[in-house]
Peer 1: 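The structure that follows is given in the form of structure tokens.
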Amino acid sequence: MNDRPAGAGGIGRAGVGARPGRTAADITASTAVRYALVPVPRLSLAAVARRSGLHPDLIRRFVALGLVDAERDSAGRLLFDPTAPAVVARVQRLRTGLCLNYASIGLVLDLLDRISLLEAALRGRGTRSETPPWT
């Protein structure tokens, strides 16, 4: 469903490649592709639904909307990263906390990821105090 390699999500990007003189686009480009040395175990749709406490049809809807990344195996079944239940929980927190519809949550997630990259770039340059980010 998504062409990004495994591990290219927003986890662990803060501070990687953040050097003075580099822009957020440079940091994104340098951290966009990661290759696993060991195969990462995948979760089935049933496992993600069970761990998140949601119906599998809702998880399928999240995949269709692009809120959760998934791949298909040779039989056509959805396979998820081990972090998928945490992503689903984040979507649900935004849904209940901000009363947003699922289509707008995708925009909010993209903006939050962009803010994290920009804050990491500012921290790398030393132009911002070491206060914790607001997100």
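Side chains are part of it too, since the values below use all heavy atoms of this structure and drop only hydrogens, waters and symmetry mates. Values in this document were obtained by computation on a predicted structure and should not be read as measured data.
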Peer 1: Using side chain to side chain donor-acceptor pair (under 3.5 Å) as the criterion, list what pairs up with Ser44, not counting sequence neighbours.
Peer 2: none
Peer 1: Can you sort out the partners of Ala75 under side chain to side chain contact (heavy atoms under 4.5 Å, CB included), two or more places apart, ordered by chain and number?
Peer 2: Asp73, Arg77
Peer 1: Can you pull the salt bridge (charged side-chain N to carboxylate O under 4.0 Å, His left out) pairs that have at least one residue in residues 93-104, sequence neighbours excluded?
Peer 2: none
Peer 1: Going by side chain to side chain contact (heavy atoms under 4.5 Å, CB included), name the residues that satisfy it together with Leu98, two or more places apart in sequence or in a different chain.
Peer 2: Leu94, Leu100
Peer 1: Under the side-chain contact (heavy atoms from CB on, under 4.5 Å) rule, what do Leu79 and Leu43 come out as? Steps first, then yes or no, please.
Peer 2: CA-CA 6 Å; Leu79 296 176; Leu43 297 175; over 6 Å; no
Peer 1: At what distance, to the nearest 0.5 angstrom, does CG of Leu118 lie from CG of Asp113?
Peer 2: 11.0 Å
Peer 1: Could you grab the distance from atom OG1 of Thr83 to atom CZ of Arg90, nearest 0.5 Å is fine?
Peer 2: 11.0 Å
Peer 1: Just so I know, are the side chains of Val87 and Leu67 near enough to count as touching, which here means a heavy-atom distance under 4.5 Å?
Peer 2: no
Peer 1: Tell me which pairs pass salt bridge (charged side-chain N to carboxylate O under 4.0 Å, His left out) where either residue lies in residues 44-61, with sequence neighbours left out.
Peer 2: Asp57-Arg60
Peer 1: Per the ring-ring contact (aromatic ring centres under 6.0 Å, His included) rule, what does the pair list look like for residues 69-88, sequence neighbours excluded?
Peer 2: none
Peer 1: Which heavy atom of Val91 sits nearest a heavy atom of Ile105, and at what distance?
Peer 2: O-CD1, 3.7 Å
Peer 1: Locate the shortest heavy-atom distance separating Ile59 from Ser52; write the atom from each residue and the value.
Peer 2: CD1-OG, 3.8 Å
Peer 1: Look up atom CG in Leu107 and atom CG in Leu112, then write down how far apart they are to the nearest 0.5 Å.
Peer 2: 9.5 Å
Peer 1: Between the side chains of Asn101 and Ser104, is a donor N or O closer than 3.5 angstrom to an acceptor N or O?
Peer 2: yes
Peer 1: So which pairs with a foot in residues 88-115 pass ring-ring contact (aromatic ring centres under 6.0 Å, His included), sequence neighbours left out?
Peer 2: Phe62-Tyr102
Peer 1: Flag yes if Leu111 and Leu122 sit in one hydrophobic cluster, no otherwise; membership is Ile, Leu, Val, Met, Phe, Trp, Tyr, and two members link when side-chain heavy atoms are under 4.5 Å apart.
Peer 2: no
